[in-house]
Amino acid sequence: MTADVAALKNGGRVQTRFPPEPNGYLHIGHAKAVCLSFDIAAEFNGKCYLRFDDTNPEKEDSEFIEAIRKDVSWLGYDWAALTYASDYFQQIHEFAVQLIKQGKAYVDDSSAEQIRVHRGTLTRPGTESPNRMRSIENNLMLFEAMRKGKFDEGHCVLRAKIDMASPNMNLRDPTLYRIRKVSHQKTGEQWCIYPMYDFAHTLSDVLEGTTHSLCSLEFEDHRPLYEWFVAQCSVTNQPQQIEFSRLNLMFTIMSKRRLKNLVDEGHVEGWDDPRMPTLSGMRRRGYPPSAIRDFSRRIGITKKKNVIQMGSLEFCVREKLNENSQRRFAVLNPLKLIIENYAEGEEELLDAANHPNRSELGSRKVPFSREIYIEQDDFMEDPPGKFYRLRPGGEVRLRYAYIIRCEEIIRDSSGDIVTLRCTYDPDTKSGDGINQRKIKGTIHWVSARHAERLEVRLYDRLFLSPNPDQGDVSFVDSLNSRSVEVVKEAALEQGLSEANIGDTFQFERLGYFCVDTVYSEPGQPVFNRTVTLRDSWAKIEKQALASVSNR
RNA sequence: UGGGGUGUAGCCAAGUGGUAAGGCAACGGGUUUUGAUCCCGUGAUUCGCAGGUUCGAGUCCUGCCACCCCAGCCA
């Protein structure tokens, strides 16, 4: 494909475009097209335009235009020009008139129903409309009347005169213009006739100098029509349409209409809900745009139907985040732990690296005291063999602090564990090197007195089914009811309350988190979990569970 | 049963007549005060199937099979 582009060389010039219809928000599938269009243009020192295909004023809205501009910029792309199909309405209209004059287009006042019947079926050729042989003068007059609003919506259309017997339905005298007495967000009341997609899109490509018109597979059948239009009007620019397959991701959906359903029916909080596969959702979730670009590059471009695993995207996200995120401690489900041989009022500041592999990012001081919180998951009363965190009578290292031993479990009246009584070994302080005792497990912790209690939101896949779009169950029925978990009072390391929007952290052993743009208040950030860390312990647990149930 | 497409490992994907790249996942090992990161290693006698051409076929030919798209005055 790239070789094609290189070989063809429209006079050495390469120009592409990303042509969204402003009727929804961009999603990760669009990102594939955005990246491809911009990257390939850049690769050949060409240009890429952002062009809004705004030919259907009924469905389109300027809210979407703004959102799309923002998303494309966020991805890191600068368009050579921002255009609208509506910029070309005048020229498109002139070209339509020219087609009529050449006897290649006619006004048809058959009803929509009649036109449908006349079009024939997939296996049966269509029949010609009685209006097909209207005189050029008559057509010109009628089209002008259409333009002037003399007819009601649906009264008639302008059609290209191609071939009603073509095995390709798109060539059976496709509609060029229809009447829509609707105000357009760009052109207002200027027009009451609007060009159809194929016509407007091809002409826009020709007029603005597109050389390679990249689009998705379902337009393959439209290519002969695209080429027909180009052949009729082409003089200077001969754009070529090239198709590639859309992106599909497991456990989510990519249909704009269905995503809109989720929003409209309140299954999610909006287009930018962190669980949405939209770019705005991913931005809010904390996905770096560079990760999305990298992902688009890695998945490749073909004409093959594909459904990519989430893990592939998450790998790219983790890779960027691992490199750039400072480390912090956070305890999501606190279990109190009292270190009995550590003096009551005592506290000390321990050194903790901001990044284990990047010393240039420095370190911070973390307060340590007699009472700390650890993760409930990091203690098991009766653990399986490979568990090397804390257990009764067992030892574990508190990261950047000391080795502790669990001496006693304190329970409440209902028998639930409320506190762990422990002792610490003063000779095992991190960095001291006095006692080089090796110990298998290391867990994170937060000093109880210094903990900042803040909200953390954990996200899981939005759908339970790997392919929510197909199968007998409707996509709404396969929604994951536990796709978001709000932890109201997580115990976070001191200082995290000063985190700002845009900050990302790795909470050690838990995952990558970012400051939410919607729920955060000054001094009171809410953290979104962008993605978990790779977790081989979870895998071991899962396997153990599976082998038990197999017996 | 018309037309247009697509079939290479669990998921992607190179390959264009000279003996199956790469990534993700999985699995094994090493380093590690994050069960993270990092590092090393392990997969296709075979490319939807069946024939054929050729010294040689994922690549060429023939036939078949499977799946996707098309009958908006949507894009």
Side-chain angles (χ1 to χ4, degrees), chain A residues 3 19-21 23 53-56 58-60 108 110-112 115-117 119-126 153-159 166-172 174-180 193-194 196-198 200-201 215-224 243 245 247 250 256-257 295 297-316 318-319 322-323 327 329 352-353 355-357 386-389 396-401 403 428 430-431 438-444 506-511 532-541:
Chain A
E21 183 189 16
N23 65 346
D53 243 324
D54 57 349
T55 56
N56 186 357
E58 288 179 318
K59 290 187 175 177
E60 294 151 11
D108 193 349
S110 307
S111 68
I115 288 180
R116 192 177 59 76
V117 170
R119 187 152 30 229
T121 68
L122 295 179
T123 51
R124 220 188 307 279
E153 273 190 23
H155 180 264
C156 56
V157 292
L158 182 72
R159 292 225 262 166
S166 171
N168 182 340
M169 302 295 283
N170 294 300
L171 263 20
R172 319 244 260 229
T175 303
L176 264 26
Y177 266 96
R178 78 290 216 186
I179 300 169
R180 281 289 171 277
I193 55 172
Y194 292 95
M196 297 290 289
Y197 164 80
D198 288 295
H201 184 263
C215 65
S216 46
L217 244 34
E218 67 270 30
F219 295 106
E220 270 176 321
D221 287 344
H222 295 237
R223 198 189 326 131
E243 308 86 10
S245 55
L247 164 71
M250 282 180 184
K256 258 197 223 177
R257 190 173 61 80
F295 172 70
R297 191 178 50 74
R298 283 173 190 254
I299 56 176
I301 300 293
T302 64
K303 299 180 76 154
K304 201 164 66 176
K305 180 186 157 67
N306 60 81
V307 188
I308 286 156
Q309 298 171 329
M310 273 292 182
S312 207
L313 209 207
E314 288 176 346
F315 172 86
C316 298
R318 288 191 186 104
E319 187 174 60
N322 173 53
E323 190 184 335
R327 313 292 133 125
F329 284 163
H355 192 114
N357 311 323
K386 285 223 173 124
F387 185 84
Y388 39 87
R389 279 115 94 156
V396 76
R397 170 170 288 281
L398 295 175
R399 185 149 159 90
Y400 296 128
I403 293 178
T428 57
S430 285
K438 287 278 179 190
I439 194 154
K440 190 76 178 161
T442 299
I443 63 174
H444 61 96
Q506 183 196 102
F507 291 167
E508 293 209 20
R509 305 209 306 133
L510 297 176
T532 59
L533 257 31
R534 245 179 103 235
D535 187 353
S536 45
W537 169 247
K539 222 177 293 170
I540 294 167
E541 262 186 323

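In what follows, chains are A, B, ... by sequence order, proteins preceding strands, each numbered from 1.
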task: Counting Watson-Crick and G-U wobble pairs only, both distances under 3.5 Å, name the nucleotide matched with B/U42, or none.
output: B/A26

query: With sequence neighbours left out, what residues match A/R223 under side-chain hydrogen bond (donor to acceptor under 3.5 Å, both in side chains)?
result: A/E243

- prompt: Any side-chain N or O of A/T442 under 4.0 Å from OP1/OP2 of B/U32?
  reply: no

task: Would you kindly give the OH-to-P distance between A/Y388 and B/G35, to the nearest whole Å?
output: 7 Å

query: Which letter, B, S or -, goes with each nucleotide of nucleotides 70-75 of chain B from 5' to 3', with contact meaning a protein heavy atom under 4.0 Å?
result: BBSBBB

task: Calculate the interatomic distance between A/N306 atom CG and B/G10 atom P; express it in whole Å.
output: 17 Å

message: Is it the case that the side chain of A/R397 and the backbone of A/T428 share a donor-acceptor pair, with hydrogens and angles ignored and the cut-off at 3.5 Å?
response: yes

message: For the P atoms, the ones on B/G28 and on B/A20, what distance do you get once it is rounded to whole angstrom?
response: 28 Å

- request: Considering only atom P, compute the distance from B/C69 to B/A26 and round it to an integer number of Å.
  value: 31 Å

message: Assuming nearest nucleotide by heavy-atom distance, tell me which of A/I299 and A/F387 is located more 5' along RNA chain B.
response: A/I299

- prompt: B/U34 base to A/Q506 side chain: any donor-acceptor pair below 3.5 Å?
  reply: yes

task: Write down the distance separating the P atoms in B/G29 and B/C67, rounded off to the nearest Å.
output: 42 Å

Quick one: which protein N/O atoms are closer than 3.5 Å to N/O atoms of nucleotides 6-8 of chain B? Pair and distance per line, please.
unit_1, atom_1, unit_2, atom_2, d
B/U8, OP2, A/K304, NZ, 2.8

message: Quick check against the 3.5 Å criterion: does A/S166 have a side-chain atom that pairs as donor or acceptor with the backbone of A/N168?
response: yes

task: Scan A/Y400 against the nucleic acid and name what it touches under 4.0 Å (heavy atoms): base, sugar-phosphate only, or nothing.
output: base

message: Please give me the minimum heavy-atom distance between A/N23 and A/K256, naming the atom from each residue.
response: OD1-NZ, 2.6 Å

- request: For B/A14 and B/A50, measure between their C1' atoms and round to the nearest Å.
  value: 27 Å

message: Between B/C12 and B/A25, how many Å separate the two C1' atoms, rounded to a whole number?
response: 11 Å

Any-strand Watson-Crick or G-U partner of B/A66, both distances under 3.5 Å: B/U6

Atom C1', compared across B/U31 and B/A36: separation rounded to whole Å: 13 Å

- prompt: Do side-chain atoms of A/R178 reach the backbone of A/Y194 as a donor and acceptor pair under 3.5 angstrom?
  reply: yes

Spacing of A/D535 atom CG relative to B/A36 atom P, expressed in whole Å: 8 Å

task: List in chain and number order the residues that pass side-chain contact (heavy atoms from CB on, under 4.5 Å) with A/R159, two or more places apart in sequence or in another chain; answer none if no residue qualifies.
output: A/Y106, A/D108, A/I115, A/S129, A/V157, A/M164, A/D173, A/T175

- prompt: Excluding sequence neighbours, so at least two apart, what forms side-chain contact (heavy atoms from CB on, under 4.5 Å) with A/F387?
  reply: A/M380, A/P383, A/P384, A/R389, A/R391, A/W537

query: Which value, in whole Å, describes the distance between the C1' atoms of nucleotides B/U54 and B/G18?
result: 12 Å

- request: Could you give the distance separating B/U34 and B/G23 at their C1' atoms, to the nearest angstrom?
  value: 25 Å

statement: By side-chain hydrogen bond (donor to acceptor under 3.5 Å, both in side chains), A/R399 pairs with (sequence neighbours left out) A/E508

field: With A/L533 via side-chain contact (heavy atoms from CB on, under 4.5 Å) - residues at least two apart
entry: A/Q506, A/Y512

message: Going by the rule ring-ring contact (aromatic ring centres under 6.0 Å, His included), which residues pair with A/H444 if we only count those two or more places apart in sequence or in a different chain?
response: none

task: With heavy atoms under 4.0 Å as the rule, sort A/L533 into base, sugar-phosphate or nothing.
output: base

- prompt: Residues two or more places apart in sequence or in another chain: which of them pass side-chain hydrogen bond (donor to acceptor under 3.5 Å, both in side chains) with A/S312?
  reply: none

task: Rounded off to whole Å, could you give me the CZ-to-P distance for the A/R223 and B/C69 pair?
output: 18 Å

- request: Rounded off to whole Å, could you give me the CZ-to-P distance for the A/F295 and B/A13 pair?
  value: 11 Å

query: Counting only Watson-Crick or G-U wobble pairs whose two distances fall under 3.5 Å, which nucleotide matches B/U37?
result: none

task: Give the rounded distance in Å between these two atoms: NE2 of A/H355 and C1' of B/A36.
output: 10 Å

message: Can a side-chain donor-acceptor contact be found between A/R509 and A/T442 if the only test is distance below 3.5 angstrom?
response: no

- line: Contacts of A/K440 meeting side-chain contact (heavy atoms from CB on, under 4.5 Å) (sequence neighbours excluded), chain-then-number -> A/Y388

task: Give the B/S/- string for nucleotides 20-30 of chain B, one per nucleotide from 5' to 3', where a protein heavy atom under 4.0 Å of the base yields B, of only the sugar-phosphate yields S, and otherwise -.
output: ---SSSSS---

message: Between B/U34 and A/R509, counting only base atoms on the nucleotide and side-chain atoms on the residue, is there a donor-acceptor pair under 3.5 Å?
response: no

- line: Its glycosidic angle compared against 90° from 0, B/G63 adopts the form anti

- prompt: How would you list, by chain and number, every residue that makes a side-chain hydrogen bond (donor to acceptor under 3.5 Å, both in side chains) with A/R534, sequence neighbours excluded?
  reply: none

- prompt: Within the structure, does a side-chain N or O atom of A/K440 lie under 4.0 Å from either OP1 or OP2 of B/G35?
  reply: no

- request: Tell which nucleotide pairs with B/U16, taking only Watson-Crick or G-U wobble pairs whose two distances are both under 3.5 angstrom.
  value: none

- prompt: Taking atom C1' of B/G35 as reference, at what distance in whole Å does atom CD of A/E508 sit?
  reply: 13 Å

